[in-house]
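Take a look at the structure set out below.
Side chains are part of it too, since the values below use all heavy atoms of this structure and drop only hydrogens, waters and symmetry mates. For the single chain, residues carry numbers from 1 onward in sequence order.
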Amino acid sequence: MRLDSIVQDEAIRSGEPRVEGTRITVSDLKRRVIDTGEYPHIVAGEYETSMVELFSALTYYYEHRESFADRERTAATERRDGERY
């Protein structure tokens, strides 16, 4: 698996970067492994993905972490604004 196996398509998962051939987003894997500290091999098994795919996705996250942080800030603002209405 190469990093170019991380793809985006507006028709799938709102265009979020994901593992090619799946609906598993980089953010899905990042949340489970980085944010919550779950064991990578368990997460990979539950998503039925290889460790190579999982670590490629995490590498992609680290190489683009500022854009992920921007997306998370935007989503948080939209949620907060939506709660106000």
For atom CZ of R65, is the number of surrounding heavy atoms from other residues, nucleotides or ligands below 6.0 Å larger than 12?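 No, not enclosed.
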
Around atom CD of E48, are there more than 12 heavy atoms of other residues, nucleotides or ligands at under 6.0 Å?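 Open: at most 12 neighbouring heavy atoms sit under 6.0 Å from CD of E48.
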
In the structure I gave you, are the side-chain heavy atoms of [X] and [Y] within less than 4.5 Å of one another anywhere?
{"X": "I6", "Y": "Y61", "result": "no"}
{"X": "L29", "Y": "V19", "result": "yes"}
{"X": "Y47", "Y": "T22", "result": "no"}
{"X": "V26", "Y": "R18", "result": "no"}

Could you tell me which non-hydrogen atom of [X] sits nearest to which non-hydrogen atom of [Y], and how far apart they are?
{"X": "Q8", "Y": "G15", "value": "NE2-O, 3.0 Å"}
{"X": "L54", "Y": "A44", "value": "CD1-N, 3.9 Å"}
{"X": "T25", "Y": "E16", "value": "CG2-CB, 3.7 Å"}
{"X": "P40", "Y": "V33", "value": "CG-CG1, 4.0 Å"}

Once you round to the nearest 0.5 Å, how far does CD of E46 lie from NE2 of H41?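 It is 10.0 Å, given to the nearest 0.5 Å.
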
Look up atom NZ in K30 and atom OG1 in T36, then write down how far apart they are to the nearest 0.5 Å.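 So the gap between those two atoms works out to 10.0 Å.
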
Hey, are D28 and R31 close enough for a salt bridge, meaning a charged N less than 4.0 Å from a carboxylate O?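 Salt bridge between D28 and R31, a charged N being under 4.0 Å from a carboxylate O: yes.
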
Donor-acceptor pair, distance only, cut-off 3.5 Å: does the side chain of R13 make one with the backbone of R23?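 Yes, because the side chain of R13 sits within donor-acceptor range (under 3.5 Å) of the backbone of R23.
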
Do M51 and I24 share a hydrophobic cluster, counting only Ile, Leu, Val, Met, Phe, Trp and Tyr and linking them when any side-chain heavy atoms are less than 4.5 Å apart?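 Yes, it is one cluster - the side chains of M51 and I24 are joined through contacts under 4.5 Å.
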
Do S67 and D70 have side-chain atoms, one donor and one acceptor, less than 3.5 Å apart?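 Checked: S67/D70 side chains show no N/O donor-acceptor pair below 3.5 Å.
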
Please confirm whether H64 and Y60 have ring centers closer than 6.0 angstrom.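 Yes, close enough.
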
